[in-house]
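Everything on this sheet refers to the single structure shown next.
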There are 2 protein chains.
Amino acid sequence: MYKPATIKDIAIALNLSPSTVSRALRDGYEISAGTKKIVTDYANSINYQSNPNALSLKNKRSFSIGIVVPELANSFFSQAIAGIESVAYESGYHTIITQTHDSSTRERTNANHLANRSVDGLLISMSSGTTDYTFLKTLHKNGLPIVFFDRIIDEIETFKVTSANFTGSYNATQSLIKSGRKRIAVLANAPQLSITNERLAGYKKALEDNKMPYNADLIRWCYKGGNDYQEVENAVISLLALTDQPDAIFITSDRISISCIRALKSLNADPNTMAVTGFSNSDVVDLLQPNFCYVRQKAFEMGQIAMQMLLKLIESKYPITEFETRVIDTEYHGMEKEN
Amino acid sequence: MYKPATIKDIAIALNLSPSTVSRALRDGYEISAGTKKIVTDYANSINYQSNPNALSLKNKRSFSIGIVVPELANSFFSQAIAGIESVAYESGYHTIITQTHDSSTRERTNANHLANRSVDGLLISMSSGTTDYTFLKTLHKNGLPIVFFDRIIDEIETFKVTSANFTGSYNATQSLIKSGRKRIAVLANAPQLSITNERLAGYKKALEDNKMPYNADLIRWCYKGGNDYQEVENAVISLLALTDQPDAIFITSDRISISCIRALKSLNADPNTMAVTGFSNSDVVDLLQPNFCYVRQKAFEMGQIAMQMLLKLIESKYPITEFETRVIDTEYHGMEKEN
DNA sequence: CGCATTGTCGGCAACGATTGCATAACTAAA
DNA sequence: TTTAGTTATGCAATCGTTGCCGACAATGCG
C-alpha cells in the first residue's frame, strides 16, 4: 500500500508537535528560524508533500479544476484543453479532465463527481445530447464556479466564451457564393447546441444578403455530431441523390467535416463539382483535399480565456454578479494556400 | 462557496446520529428497515453524495486512477485513453488525465501530484525527454501500483503493454523493399524511447534479411517527436539534399509522419519518387496522401489491457511478483485501399 | 522586584465519513 | 420483579492538516 510521509511522521522524527511542523513548513511567524530550517530540511530529505485530500477536506480548496468535454479525440477540444492547462499550470492549479462522449448521463455523473471531489471550479463544453440542465443549475446554485466554453447555454448566468460562429459561418458561406456556388447544402450538428444554431444563422444571413433562397431540403442534421460515420455518409448520399443536386456543402462541425470528405471520396464525387467548406480544427486539414476551405476556431486561446474567467470567479472575494460572454473570432482558410 | 450536503446535515434533519445515517446508507445489518428507508429517501431527495476526500483520507482508496501521457492532441493517446476509460468506467473508477508535453519536469510533478492526490494507481507512457526514472522508482517502491503502456521502460518491474513495434516495423520495411525501394531513409523519434529502438530494430532486420546495407546516413533523429515541425522539415530537406537521394522514407512516429508528409508537400516532392510509410493513428490518415502506407497501433485495445492490468495490481490482496509484458500486434495498411 | 510583553511551541478541535465498542430501550422468559 | 437476549442507536477515535488558544520562558520596563 502506497503511504506517503505525513506531518505527524516528521513531528515524531524531530520530536516536535504536528502543529509546529505544519507552521514551520508554511513559514508561520510564530516559529523560530532554527526550527524552521530543521523542519524544512528534514521534509525535503524525505520528499514530503502535503496530502491534498486532507487539505481539501480542511480548506475546501483543492487547487484543481474540472474539465468536462465531449471528446478528447477531437482536435478542437484537445487544443482548448492545452490552452486551459497553460493558464492553470502557471496559476498553480491542476486539471482533471473527463470526457462525456456526447452522453448526457456521462456528463451528469462526471460533473457531479468532480464537484464532490471538491474541484474549485468547472469548465464545461456541453455534450450534444443534453437538454436538461438541472444538474448544472443545482451545482451552480450551490456555489460551484462554472465557466462554459464553445458549446454554451443560456440557462445559466455565468462567464462564457465561444467563437464568432455567426460571422465565421457567414463569411464562409459568402465565400462559397462569391465563387459562384448556387445551391449550398448544409451538414449540421445536433440542433440543441448553441454553436449549431449560430452557424446555421450565419449561413442563412449570407444567403439572404445575396438574395438567395433558404431551402430546407438542403439541410441535413447529424445528431451524432460525426461520431457516427454512417449517419454522415447517408446524409451525403441523400444530398447527391437530389434531382436538383447541390454544388457545395457547408459543414458546421469538425468531425462531420472529416466524415463528409471521406464520404465524398468514397462516393467518387468530383471535388470541382462539389465544393466543400466546413468548420475544422484538425491539424492536418490543409493536407486533406486541395480545395477544402475551412473555418478554424482559436481553440487554444479560447481555453486560456475560459481558464482566466474561472480563476476570476474562484479567487474573487465577493460574489460576482456581472458576467461577460466573450466571443473569439475565427480564421477563414480559403483556396489560396498562403501557408 | 460550494458546499455539498454531508452526513451530518442528514443526521440533524432527521434527528439521528451521524453513525446511524452512515450505517443506514451502507445498508448495515444493525439498522431497522424503517430507519433505512427514511434515511435513503431523504438522502436521495437532497441528492446526497459522500465526500470522496473524506473517504480517501480514511480508507486510502480513491477509486480513481491517474493517467500520464505526453500529449492529448495525439490520436494514439486519445484513443488509448478512451480504451482505459471504458474499462475504468465499468469497474467504478474515475480517471484523472494529465499531459506532459514531453517534458520530463512536467512528468515528474504530474506523477507526484497524482500519487499524493491518492490515486489508486498510475498508467503512464513515458515522455521522450525522460532519462532519470528515480521519481517513478520511488513511487513504485513506496507501493504505488504502476502500469506502463506504449512507451515502456526496463528499469521498473511491473505490468507493461506495448505494440509489436519490431514486427510492425519489419513488415512495413519489407513492404517498401518488395515494392522496389532501394534506399529507405528513416525519420526516428527520440532515441531514449523504447518504441523508437524497437521500430528501428525492425527496420534494420528487414534490411538485413534482404541483404541490403544499413546506412546511418539515411537516419534522421527528431528529438522533439514531431512537436517541432521545423525539426522534421529540416530532416526531410537534408535527406532530399543527399547526392544519393533516398527513394523512400520510413517514419517511427505518428506526429513525425504527418509533419513529414506536410514537408514533402511543401517541398513539392514527387509522391512516386519518394514512397512514405510510417506509424500513424490519425483517423484521417487514409485521406491524406494516396500512396501513404502506414502502421496503425491498436490504441484502444492497448488502453483497455493496461487498465485491466492496473486493476489486477490494485485489487490483488497479496503482492504480485510475477509480471507480464503484453505485446499487441499492429495493423499494416498498404497501397490497396480495402476500406 | 513585579508585571507586561514577546517569542516559541504544544494541545485541542474540526473538516466528513466510517467503525468498534458501549449503551439504551425493549421483549420475553424465569 | 429480575435477568437474559435482541435490536437500535450513540460515542469516540481515525485519516492529515490547520486555526485557535493557552503554556512557558526570556526579556523589557517602571
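Scope of the values below: all heavy atoms of this structure, side chains included, with no hydrogens, waters or symmetry mates. A, B, ... follow the sequence lines: proteins, then strands. Residue 1 opens every chain.
Between the Thr100(B) side chain and the Glu107(B) main chain, no donor and acceptor come within less than 3.5 Å of each other. No donor-acceptor pair closer than 3.5 Å links the side chain of Asp9(B) to the backbone N or O of Ala5(B).
Look at CZ on Arg61(A): it is 16 Å from C1' on dT18(D), rounded to the nearest Å. Taking atom NZ on Lys37(A) and atom P on dT8(C), their separation rounds to 17 Å, with Å as the unit.
Counting any heavy atom pair closer than 4.0 Å across all strands shown, Thr35(B) reaches sugar-phosphate atoms only and no base atom.
Taking both residues in full, the closest heavy atoms of Ala306(A) and Val147(A) are given as O-CG1, 3.9 Å, listed atom of the first, atom of the second, then distance.
Below 30°, between 30° and 60°, or above 60°: for His113(B) and His94(A) the angle between ring planes is below 30°, a parallel geometry.
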Point to revise | B/S/- contact track for nucleotides 10-19 of chain C, protein heavy atom under 4.0 Å | key: BB--BBBBBB
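Residues Lys160(B) and Asp150(B) are not paired through a salt bridge, judged by the lack of any N-O separation under 4.0 Å between the basic side chain and the carboxylate.
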